[in-house]
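Below, read A as the first sequence line, B as the second, and so on, with proteins coming before strands; counting in each chain starts at 1. Just so you know, these numbers come straight off a predicted model, no measurement behind them.
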There are 2 protein chains.
Amino acid sequence: MPRGPAPARRVTIIDVARHAGVSTTAVSKVLNNAYGASSQMQAKVRAAIDELGYRPSASARGLRGQTYTIGVMLPDIRNPFFADILDGINAQLDGTDYQVLIAASCNNEPGEAHVTDAMIDRNMDGVILIAPLTSRQRLERIAGTMPTVVVGRHGHSAVYDTVADDDFVGAGLIVAHLAELGHRRIAHIEHHETNPVRLIEMPNAVRADGYRHAMRAHSLGEHIDLASTTYTQQGGYLGAKQLLARPQRPTAIFAGADIVAMGVLDALTEASLSAPADISVAGYDNTTFAAFGPISLTTVDQAGNQIGTNAARLLLDRISDNNRPTTQVKLSPTLVVRRTTAPL
Amino acid sequence: MPRGPAPARRVTIIDVARHAGVSTTAVSKVLNNAYGASSQMQAKVRAAIDELGYRPSASARGLRGQTYTIGVMLPDIRNPFFADILDGINAQLDGTDYQVLIAASCNNEPGEAHVTDAMIDRNMDGVILIAPLTSRQRLERIAGTMPTVVVGRHGHSAVYDTVADDDFVGAGLIVAHLAELGHRRIAHIEHHETNPVRLIEMPNAVRADGYRHAMRAHSLGEHIDLASTTYTQQGGYLGAKQLLARPQRPTAIFAGADIVAMGVLDALTEASLSAPADISVAGYDNTTFAAFGPISLTTVDQAGNQIGTNAARLLLDRISDNNRPTTQVKLSPTLVVRRTTAPL
DNA sequence: TTGAAAGCGCTAACAC
DNA sequence: GTGTTAGCGCTTTCAA
């Protein structure tokens with residue numbers, strides 16, 4: 001079936017001006033709540049806008065100034081933890097004129113570069129980058145182009161704000177919990193990392209560090225045991241397989257992320273083992289999945305929602321004043337004990 | 001710490017033209033692979049683009065024509081089924097000049113209107129609407145404004161293309177499977193729906209219809225039993241509570257979506273019951289979650305990936321020729337038997 | 001308080 | 001094959 005005729009021309013600011021019997025300048029001023037429009041004029045213009053169903057073109061606006069668009073770069077749309085962050089962002093931006101647009105699944109540096117370039121090209125008013133792998137230098141270049149908030153990555157920048165969770169402390173919470181339950185052979189599945197900067201800044205590396213530090217603090221240094229894979233379900237599965245094959249099998253596995261813990265549970269099931277009867281398992285993130293009854297995963301709550309609201313607030317602040325000093329928000333994680341961990 | 005000085009002015013097409021010693025038209029032609037540029041000129045221009053690191057402004061382009069942006073409206077970012085669709089979309093669009101931008105969490109009609117308006121305002125080249133609740137009339141209005149593909153909704157339109165799964169058949173697959181296992185009291189948890197158009201077009205309604213029809217076809221009409229909630233984990237939980245409280249408790253529960261089945265399993269756990277020992281449970285969507293070992297949910301595979309590739313392909317076709325007749329793609333679901341269903 | 005007009009960066013019609 | 005130029009819809013000086 002053929003489509004109809006070409007759609008009618010869009011209503012422009014000129015149509016509104018003509019309809020209201022004023023200048024386009026006046027309409028623009030009303031749209032932007034700018035100084036210099038009598039309340040009488042405001043009323044006339046608003047009436048015309050409503051009658052004509054006028055909506056400003058973001059492209060045209062972008063050519064001169066703002067696009068009222070905020071970009072969020074998400075590394076992995078399947079990790080439900082990111083959904084919590086998004087909820088926080090949306091909650092904070094709800095009611096403002098900004099529209100959040102997400103670019104997902106850019107899980108490597110070239111992919112991230114592609115996405116951030118696309119956001120710059122589209123004149124976005126600001127971006128929130130979630131757990132980016134991108135080099136510091138490039139991050140600062142991006143932040144030099146548009147207001148930027150980096151989420152989930154440690155380190156301090158003079159050009160972008162950051163929001164992160166204290167992963168070092170969080171990892172310690174898990175180790176302390178397991179040690180208290182009597183576990184000594186506590187293994188950790190980490191996201192493999194060699195890049196020296198990321199080794200300091202990425203949450204996965206900080207968690208691994210926190211794990212090592214806490215193990216030593218509990219005099220368990222000799223039992224430090226890492227499986228180095230990725231923060232994915234598959235990574236958890238492979239990591240668990242490695243650990244289960246050790247001559248001295250660990251009695252507890254601390255997975256670096258809930259999604260990793262899922263992979264661990266998967267591997268346990270496959271090996272006819274279960275948590276916590278055979279092995280205690282802990283995750284990190286407290287995703288909705290972890291709370292799910294049949295799983296009931298012990299984990300660390302990062303308050304994804306708060307991370308999101310903080311990131312959005314910082315971004316709005318920076319959009320309104322790009323010269324303010326940068327802020328580093330560091331949130332404190334809390335332990336959530338559920339049913340996958342038990343006394344040895 | 002204060003931010004540095006304002007960033008340098010962006011490189012424009014004029015800079016490129018000057019640098020290459022040609023006109024802006026020439027640059028534009030090269031950028032768009034348009035007719036009328038000698039290979040010699042192409043080389044000069046490309047060299048200048050590279051040297052200057054020029055990238056076209058999407059806002060400026062949008063004012064004249066395309067923005068090279070495709071919008072995807074997602075009702076719920078937590079439902080992993082949608083991630084499969086997105087993967088398909090991204091796979092199909094990878095390598096093209098289009099950037100996919102997602103607007104998520106618009107789980108009601110006003111929210112959807114807000115998002116689609118935002119996409120129109122931003123001059124997007126096309127949109128993929130996933131399981132929209134929006135009225136048919138509004139959908140057609142949107143499609144009259146920009147190329148549109150509607151995913152996961154039945155019904156035929158002369159202005160937009162559709163991609164859907166045969167939910168009627170899919171529901172029948174589950175009922176047949178459970179009936180074959182000897183179940184008779186097979187209950188269904190549906191997403192509550194009263195709107196007459198949506199009752200025909202929305203997948204949830206079609207699945208409920210398919211359930212009823214299949215029950216009768218297996219001479220189980222008298223056992224038709226519906227709990228009417230929502231397609232969320234919470235909805236599954238509440239639906240299961242309702243069904244468990246029946247004087248004659250069902251022996252099998254067919255949840256309308258995997259995420260609903262999660263809620264069902266949650267409720268079972270809470271009631272110290274388990275699947276399939278006490279009650280068989282089936283879902284719909286075959287999300288990655290369903291395949292997860294410790295869950296191992298019997299479900300229906302909708303091939304979300306294929307849905308996505310089809311949607312993206314149709315959209316590209318329509319962008320290139322907006323007058324072609326509309327296409328309706330209907331994919332066939334398949335049954336995936338796992339460990340949550342067992343003989344009575 | 002109001003409006004005329006320049007111009008943001010790009011594309012496309014048109015002239016050479 | 002190449003360049004000139006008129007806008008696309010908006011914001012923003014600047015003059016009235």
Is it true that [X] and [Y] make a salt bridge, defined as a side-chain N closer than 4.0 Å to a carboxylate O?
X	Y	value
R198(B)	E109(B)	yes
D125(B)	R318(B)	no
D87(B)	R78(A)	yes
D117(B)	R122(B)	no

Next item on the list: Map K29(B) and R64(B) onto DNA chain D by nearest heavy atom, then report which one ends up closer to the 5' terminus.
Entry: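 Its nucleotide being nearer the 5' end, the pick is K29(B).
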Item checked: Closest-nucleotide ordering on DNA chain D, the 5'-leading residue of S23(B) and L63(B) ->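 Closer to the 5' end of DNA chain D: S23(B).
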[X] [atom1] to [N] [atom2]: how many Å, rounded?
X	N	atom1	atom2	value
R55(A)	dC10(D)	CZ	C1'	15 Å
I14(B)	dT5(D)	CD1	P	13 Å
D15(A)	dG9(D)	CG	P	9 Å
Q66(A)	dC8(C)	CD	P	19 Å
L31(A)	dT2(C)	CG	P	15 Å
N123(B)	dG9(C)	CG	P	18 Å
N32(A)	dG9(D)	CG	P	17 Å

From the options [options], select the nucleotide whose nearest atom is closest to the side chain of [X].
X	options	value
R61(A)	dC10(D), dA13(C), dG9(C)	dC10(D)
S28(A)	dT4(D), dC10(C), dT12(D)	dT12(D)
T12(A)	dT2(C), dC10(C), dC10(D)	dC10(D)
I13(B)	dT2(C), dT11(C), dC10(D)	dT11(C)

Check: NA contact type, S38(A), heavy-atom cut-off 4.0 Å: base, sugar-phosphate, or nothing?
Finding: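 Touches sugar-phosphate only.
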Check: Reckon V22(A) touches a base, only the sugar-phosphate, or nothing at all at heavy-atom distances under 4.0 Å?
Finding: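 Touches sugar-phosphate only.
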Next item on the list: Look at the side-chain N and O atoms of R10(B) and state whether any lies under 4.0 Å from the OP1 or OP2 oxygen of dG9(C).
Entry: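 So the side-chain polar atoms of R10(B) never come under 4.0 Å of the phosphate oxygens OP1 or OP2 of dG9(C).
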Check: So, is Y68(B) near the phosphate of dC10(C), with a side-chain N or O under 4.0 Å from OP1 or OP2?
Finding: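 For dC10(C), neither OP1 nor OP2 has a side-chain N or O of Y68(B) closer than 4.0 Å.
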Checklist line | Presence of donor-acceptor pair under 3.5 Å, side chain of T24(A) and base of dA4(C) | finding: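 Looking at the base of dA4(C), it does not pair with any donor or acceptor on the side chain of T24(A) (distance under 3.5 Å).
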Check: Is it the case that Q137(B) and R141(B) place a side-chain donor and acceptor less than 3.5 Å from each other?
Finding: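 No - no donor-acceptor pair under 3.5 Å links their side chains.
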